[in-house]
Amino acid sequence: MSTIWLQVGQCGNQVGQEWWKLVTNERAPNSAVNRYPFYTASGKLSALCVDSEPKVVRRLLQEEKTGSFRDSNVLVGLGGRGNNWAFGYHGLRTADDNSLLHRTMESFRKEVERRDSYSGVILLHSLSGGTGSGLGAHLCESIREEFPVGHILSVTVAPHQAGESPLQHYNSLLCLSWLQRFADGVLLFHNDDVLRRTQALCGRKVGHIPTPQLQISLSAMNSHVASCLAGLMYPVSSLRTQRGTASWGSMLSSIVHTLPRHSSTGNIHQSTAVLAVARGNGDNMFSCSPCPIATKVKQGYGCVSWNPHPLEYWTDPWNIVDLTSPSRSLTICANHSSVSDYMQHVLEKARSMYDAHAYLHWYWKHGCEEGDFLQSFDILDSVVKEYNAAGDH
């Protein structure tokens, strides 16, 4: 109840829609207790839905029939932001106090005032769209300035590497630099990875070997992101460290198998910290014997030697991700240096375009300045260097 969920843009609201389907499921064990953190005292969801055009939010509200969203927390504009970070960040650049940014911050303040304590916000958005990247970045900055004590966690979806928009590299560069400056943490989901994992899951369900030709809907991809969030963030019954059992080994192996081992320059990828969340542990098998899973996680994720306690895990007897049958899920959240590969890709593509002066007039006319790009290049370059040097600390 002390955390606010802020879903911005088409992607943020579509992922949010799948998230609320999961966590408000009445069939979940102890749902009345575990759902409490997501609702205010008045029974409304602790959420704001924001988009520069109304169609996605309207569809969300049509499917959510319980009236759990507060009307004043649904904020939409009448036109999109042209897949342009500058347009999303600066808006229409008028003196109109009824701007989408202004209205969102007013509703956010009121949502903060409704609770006895405010711990922070979880921001759902994308890197490529103008609203998700630009308005999302501006909201992150404004919330940090007005509520400096609260934490900001960004749940960020990166575009397909093959391309979703000619401006996606600029948008990703600028948004990532803003998140580095103003957010406390970023959970990064890459659309290519989400697609591969969703194909694998769907292939196993229908008994086929997963192939790139297996057609996957956008809704299925959003549902996968939401299930990862639920595996990580839904309340658990216990917080533990340094224990495990080999019965979870196959699940861990399938996760570790997908991890990149080396960067394009040959550096070994490592993790500075890892959190594992095991659900469906009704028989307490996860904690009945010491250490084998902890050791496998540390090895698989290449935990750095300078962190004496790189691993924590949480357990819960019920699996919120799949309530249809007795099941288990293992969700791992790691600060893994392979993220630098993606940021390096963004840097190279954006710098190549910038040096060629490609599409820059689209950003200048909406209020972006040369300093915004130069600062963003410097910030992302320093982050990549820090990750590459993670094992040397």
Side-chain angles (χ1 to χ4, degrees), residues 3 119-123 140 144 150-158 176 179-190 193 197 225 227-245 248-249 251-263 267-279 281 286-287 290-316 329-344 379-380 382-393:
T3 300
S119 64
V121 59
I122 295 174
L123 174 65
C140 185
R144 169 60 69 219
H151 292 94
I152 300 175
L153 176 63
S154 167
V155 177
T156 307
V157 179
L176 284 170
L179 294 177
Q180 176 67 21
R181 290 164 61 191
F182 299 109
D184 296 290
V186 178
L187 297 181
L188 183 64
F189 292 87
H190 198 292
D193 292 335
R197 292 176 185 273
V225 174
S227 68
C228 292
L229 294 179
L232 182 66
M233 296 182 180
Y234 198 75
V236 295
S237 60
S238 63
L239 310 179
R240 302 176 185 270
T241 58
Q242 305 296 322
R243 290 181 178 276
T245 180
W248 292 83
M251 298 178 69
L252 177 61
S253 296
S254 66
I255 297 174
V256 170
H257 178 71
T258 64
L259 283 176
R261 298 297 178 188
H262 298 86
S263 69
N267 290 330
I268 298 175
H269 285 311
Q270 294 183 288
S271 296
T272 57
V274 180
L275 168 64
V277 186
R279 297 181 184 273
N281 186 35
F286 193 86
S287 57
C291 290
I293 287 296
T295 301
K296 291 185 70 173
V297 171
K298 290 177 185 178
Q299 292 174 344
Y301 278 80
C303 290
V304 293
S305 59
W306 51 262
N307 184 354
H309 303 291
L311 172 65
E312 291 190 3
Y313 76 84
W314 304 341
T315 64
D316 194 76
S329 72
L330 182 62
T331 305
I332 298 183
C333 179
N335 192 4
H336 194 255
S337 63
S338 61
V339 70
S340 65
D341 293 344
Y342 172 68
M343 288 189 285
Q344 184 64 44
I379 289 174
L380 238 63
S382 67
V383 173
V384 170
K385 289 178 179 176
E386 288 178 9
Y387 270 112
N388 290 339
D392 300 329
H393 287 279

Would you find a donor on one side and an acceptor on the other, under 3.5 Å apart, between the side chain of [X] and the backbone of [Y]?
{"X": "Arg144", "Y": "Gly150", "answer": "yes"}
{"X": "Ser340", "Y": "Tyr387", "answer": "no"}
{"X": "Asp184", "Y": "Ile152", "answer": "yes"}

Below 4.5 Å, heavy atoms only, C-beta onward: do [X] and [Y] meet side chain to side chain?
{"X": "Leu232", "Y": "Leu275", "value": "yes"}
{"X": "Tyr313", "Y": "Leu330", "value": "no"}
{"X": "Asp316", "Y": "Tyr234", "value": "no"}
{"X": "Val274", "Y": "Ile332", "value": "yes"}
{"X": "Thr3", "Y": "Met233", "value": "no"}

Looking at CG of Leu229 and OG1 of Thr331, how far apart are the two atoms once the value is rounded to the nearest 0.5 Å?
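Going from CG on Leu229 over to OG1 on Thr331, the span is 9.5 Å.
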
Nearest 0.5 Å, what's the OG-CZ distance between Ser254 and Arg197?
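Output value for this atom pair is 8.5 Å.
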
In terms of relative ring orientation, are His269 and His336 parallel, tilted or perpendicular, with 30° and 60° separating the classes?
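The arrangement is tilted - the two ring planes meet at 30° to 60°.
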
Using a cut-off of 6.0 Å, state whether more than 12 heavy atoms not belonging to His190 lie near its atom NE2.
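For His190, atom NE2 is crowded (more than 12 foreign heavy atoms under 6.0 Å).
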
Going by side-chain contact (heavy atoms from CB on, under 4.5 Å), Leu188 matches just one of Thr156, Val157, Val155. Which one?
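Of all the options given, the one that passes is Thr156.
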
Pair Lys296-Ser253, side-chain contact (heavy atoms from CB on, under 4.5 Å): steps then yes or no:
CA-CA 9 Å; Lys296 291 185 70 173; Ser253 296; 3.6 Å; yes

